[in-house]
Amino acid sequence: MGGRVPTAAHGLAMRTILVVEDEPKIATLVRDYLSAAGFSVLIAGDGDDALRQAKSARPDLMVLDLGLPKRDGLDVIRDVRRFSEMPIVILTARGDESDRIVGLELGGDDYVVKPFSPKELVARVRAIFRRSERNAAPSDVIHAGDITVDTQRLRVTVGDRVVDLTATEMQLLAKLAAEPGRVFTRGQLLDAVHGVAFESYERAIDGHIKNIRRKVEPDPSRPRYILTVYGVGYRFTDQFREQR
Ligand code: CA
């Protein structure tokens with residue numbers, strides 16, 4: 001809604017976010033916060049409109065409520081992924097863990113649980129854009145605090161100490177560390193170790209994570225690097241990003 005403003009003050013193209021939400025109050029609130037943060041915002045009130053605008057306006061990111069009229073949010077993700085790689089932040093109702101997981105596995109990039117803080121949503125959106133900038137110039141070596149993960153040479157150090165990880169542990173850590181802040185479901189992590197792990201049960205991931213933590217975390221009972229996302233999976237911290 002409203003015209004798109006082509007440039008921001010610093011001369012970079014202003015980023016456009018498509019907000020898909022059928023509750024007008026929430027849509028307006030989200031639009032106001034994102035606009036104040038310097039984004040250009042479009043609103044779609046149902047799943048069909050979301051697809052139409054995603055195709056015609058080519059936004060840079062989509063904020064997507066899952067409970068929508070006409071076309072369910074999960075269907076929207078599935079359809080959008082046929083023609084676009086734009087990041088998608090899912091809005092889910094509290095308790096809808098399975099939708100959250102399916103949403104991430106269909107190609108959602110992150111999620112926020114309703115009722116949510118608009119500030120938190122803005123922070124997530126910014127984090128995704130930072131991540132995509134970093135991935136445009138991918139680095140094989142990831143530094144976070146005392147830990148260094150060389151995803152090509154498959155070598156991990158904590159301080160000066162080289163950490164001995166199994167092949168499966170190394171693949172999991174490399175997957176997580178390659179995108180700090182991104183939530184991975186157990187299913188996605190299981191896919192990442194396909195061909196190495198024989199476990200078919202997603203909970204096996206928890207055992208591997210426990211072992212990695214024991215080897216790299218200063219205090220495995222209070223992890224700093226590999227964080228648990230309750231009911232969903234894990235993410236590598238993005239807390240150290242600004243130091244690099
Ligand atoms: Ca809704």
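Position 1 is the first residue of the sequence, and the numbers go up from there. Fair warning: this is a prediction, and the values are worked out from it, not measured in the lab. Counting starts at 1 for both ligands and their atoms, following the listed order.
In this structure, D79 pairs ionically with R71, as a charged nitrogen and a carboxylate oxygen lie closer than 4.0 Å. Between D46 and K70 a salt bridge is recorded (basic side-chain N to carboxylate O distance below 4.0 Å).
Shown here are the protein N/O/S atoms lying under 3.0 Å from the Ca ion (ligand 1), water excluded: D22 OD1, D65 OD2, G67 O.
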Side-chain polar contacts of residues 223-232 - donor-acceptor pairs under 3.5 angstrom, sequence neighbours left out - could you list them?
residue: Y225; atom: OH; partner: D146; partner atom: N; Å: 3.0
residue: T228; atom: OG1; partner: R213; partner atom: NH2; Å: 2.8

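Within the 3.5 Å criterion, the main-chain N or O of R31 finds a donor-acceptor partner in the side chain of S35.
Note on residues 157-174: pairs passing salt bridge (Lys or Arg N to Asp or Glu O under 4.0 Å), not counting sequence neighbours, are E169-K215. Among residues at least two apart or in separate chains, side-chain hydrogen bond (donor to acceptor under 3.5 Å, both in side chains) pairs with a member in residues 107-127 are E21-K114, D65-K114, R81-D109, D109-R182, D110-R124, E120-R124.
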